[in-house]
Number of protein chains: 2
Amino acid sequence: MALDHAILVSLLEQPGSGYELARRFERSIGYFWTATHQQIYRVLKRMESDGLLDVREVPQEGRPDKKEYSVAGPGRAALSLWLHEPIEPESLRHDLAVKIRGAAFDDPAALVREVERHRQVHGERLAHYLAGELRDFTGPEAPVPLDAGQELQHVVLRGGIAYERMTVAWLDDVLATLGRLGRGGPRT
Amino acid sequence: MALDHAILVSLLEQPGSGYELARRFERSIGYFWTATHQQIYRVLKRMESDGLLDVREVPQEGRPDKKEYSVAGPGRAALSLWLHEPIEPESLRHDLAVKIRGAAFDDPAALVREVERHRQVHGERLAHYLAGELRDFTGPEAPVPLDAGQELQHVVLRGGIAYERMTVAWLDDVLATLGRLGRGGPRT
DNA sequence: GAGCGCATGTAAGCGGTTACATGATTTG
DNA sequence: CAAATCATGTAACCGCTTACATGCGCTC
């Protein structure tokens with residue numbers, strides 16, 4: 001149940017509405033955790049009724065009113081508690097790898113287009129992350145020096161960058177392997 | 001619902017019982033997909049009643065009898081269908097990254113031990129994968145040349161290796177960053 | 001007038017986790 | 001004699017996904 005904690009962290013970094021949170025989960029927080037708005041609204045409601053969050057109705061002009069959530073005392077305590085608990089190192093869960101092994105029992109060449117598509121998506125994510133890094137942390141517009149929170153955000157972003165870079169390289173490896181198989185093996 | 005397909009692939013590679021599948025999901029298939037035996041038994045039963053799998057009761061001596069599952073015609077067709085469907089490129093879901101960003105609102109130094117623990121686990125997984133690669137694909141005992149199925153298994157394993165290597169390097173980066181913050185920033 | 005961005009929700013279903021349960025055989 | 005391995009299951013819960021629903025204002 002780390003969605004709760006991801007929301008707490010995001011709201012500590014910056015209070016906001018469910019809608020805004022959902023957008024953050026498509027960007028920065030989304031580097032390592034995804035969530036849809038339906039999920040977020042439900043969790044926000046539950047956390048608010050549990051006293052972990054405060055709500056403030058914010059009337060707006062030209063836009064629907066919104067509810068701005070912020071972290072209450074008990075919410076901060078709950079986060080602190082979780083931060084001191086050990087968690088399990090995660091394991092991968094990669095559908096594409098299942099497909100690749102499955103290709104042995106079907107037509108490997110048919111997989112090429114699919115792998116190319118994934119490669120492109122990951123390449124775009126990589127470019128997106130790199131642009132964000134330049135904008136927020138390493139470019140001329142970035143604050144110098146970075147405070148502790150920014151340093152931590154940066155190292156997490158570097159993790160996302162490393163992941164996408166690794167994935168792109170691996171998918172190239174997969175494509176090369178499929179190509180070799182398609183040409184009937186390496187007996188030049 | 002890729003567990004179904006992971007099971008189909010695993011049973012095509014080698015028929016076996018639910019128990020054996022559970023053990024494979026701790027090893028080779030587990031490089032990119034995890035599942036517990038409770039889950040596996042339920043899915044096996046469902047797939048069998050849907051006609052995707054065949055069962056054969058295998059009496060054993062000194063051990064409980066087992067049910068050996070193998071892929072039936074419709075199961076192979078279902079896999080083939082899935083292989084030709086596009087799937088969504090996956091996103092990360094990394095609790096530890098949430099913790100790292102959350103550390104900004106708590107004590108960053110308290111996270112060091114946790115990160116070190118994760119680093120060790122991923123280091124061990126990396127060593128385990130490398131040993132498997134040597135045993136099955138690149139060592140003197142490995143078959144030469146590899147057939148298509150083995151080439152595909154190998155490229156998936158290389159993905160697992162690349163992932164663990166990347167993760168270990170990133171966790172070192174995280175530890176270095178936490179160290180810098182603990183010493184009060186990079187002012188010499 | 002269509003489509004997009006802002007903003008908030010409900011409902012159904014299922015995949016996955018956790019806990020519990022059984023029972024034989026082999027190993028320390 | 002306890003613990004681990006082999007072997008198969010049930011039950012409860014919950015987090016997450018998917019689909020559906022509403023309504024305003026701005027832009028093309």
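Residue numbers begin at 1 in each chain, while the letters A, B, ... track the order of the sequences. Values in this document were obtained by computation on a predicted structure and should not be read as measured data.
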A:L44 CG - C:dT8 P separation (whole Å): 9 Å

Per A:K45 side chain, nearest of listed nucleotides D:dC16, C:dT10, D:dT5: C:dT10

side-chain hydrogen bond (donor to acceptor under 3.5 Å, both in side chains) against A:Q39, all qualifying residues, sequence neighbours excluded: none

Residue-phosphate contact under 4.0 Å: A:Y19 side-chain N/O, C:dC6 OP1/OP2: yes

B:H94 ring center near B:W170 ring center (under 6.0 Å): yes

Between N or O atoms, less than 3.5 Å apart, protein on one side and nucleotides 19-25 of chain D on the other: list the pairs.
from	atom 1	to	atom 2	distance (Å)
D:dA19	N6	A:Q38	NE2	3.1

Atom-to-atom span, CD of B:E68 to P of D:dA7 - whole angstrom: 11 Å

Integer-rounded Å distance: D:dT8 P and B:R46 CZ: 18 Å

Could you pull out every donor-acceptor pair under 3.5 Å between side chains of residues 103-114 of chain B and any protein atom, sequence neighbours left out?
from	atom 1	to	atom 2	distance (Å)
B:D106	OD1	A:S80	OG	2.8
B:D106	OD2	A:H84	NE2	2.9
B:D107	OD1	B:A109	N	3.2
B:E114	OE1	B:R117	NH1	2.5
B:E114	OE2	A:I87	N	2.8
B:E114	OE2	B:K99	NZ	3.4
B:E114	OE2	B:H118	NE2	3.4

Residues that, via side-chain heavy atoms closer than 4.5 angstrom, fall in one hydrophobic cluster with A:V168: none

Value in whole Å for how far the P atom of D:dA7 lies from CZ of B:R23: 7 Å

5'-most by nearest nucleotide on DNA chain D - A:T34 or B:D65: B:D65

Pairing residues for B:R24 by the salt bridge (charged side-chain N to carboxylate O under 4.0 Å, His left out) criterion, not counting sequence neighbours: none

Interatomic distance where CD1 belongs to B:I40 and P belongs to D:dA7 [whole Å]: 14 Å

Any A:Y41 side-chain nitrogen or oxygen under 4.0 Å from OP1 or OP2 of C:dG9: no

A:S17 side-chain N/O to C:dC6 phosphate OP1/OP2 under 4.0 Å: no

Side chain of A:L3 - closest among D:dC16, D:dT17, C:dG9: D:dC16

Candidate nucleotides D:dC6, C:dT17, C:dT8, ranked by approach to the side chain of A:K66 - the nearest: C:dT8

Nucleotide of C:dT17, D:dC16, D:dG9 approaching A:R42 most closely (side-chain heavy atoms): D:dC16

A:R101 and B:S10 side chains, donor-acceptor separation under 3.5 Å: no

Given C:dG9, D:dC16, C:dG5, the nucleotide with the shortest approach to the side chain of A:W33: D:dC16

Output a table of donor-acceptor pairs, distance under 3.5 Å, between side-chain atoms of residues 123-136 of chain B and any protein atom two or more places apart or on a different chain; print 'none' if there are none.
from	atom 1	to	atom 2	distance (Å)
B:E124	OE2	B:Q120	NE2	2.9
B:R125	NH1	A:E90	O	2.9
B:E133	OE2	B:H154	NE2	2.8

Whole-Å gap separating C1' (D:dA4) and CD (B:E26): 14 Å

Sequence neighbours excluded - salt bridge (Lys or Arg N to Asp or Glu O under 4.0 Å) pairs with any residue from residues 68-84 of chain A: A:R56-A:E68

Sequence-distant partners of A:K67, side-chain hydrogen bond (donor to acceptor under 3.5 Å, both in side chains), two or more places apart: none

Distance in angstrom units between B:E20 CD and D:dT5 C1', rounded: 13 Å

Any side-chain donor near an acceptor of the partner, A:T167 and A:R119, under 3.5 Å: no

d(CD, A:Q39; P, C:dT10) in whole Å: 15 Å

Residue B:Q60, side-chain atoms from C-beta onward, closest of D:dT17, C:dT18, D:dA7: D:dA7

Five-pair end axes of the helix from C:dG1-D:dC28 to C:dG28-D:dC1, angle between them (10°): 40°

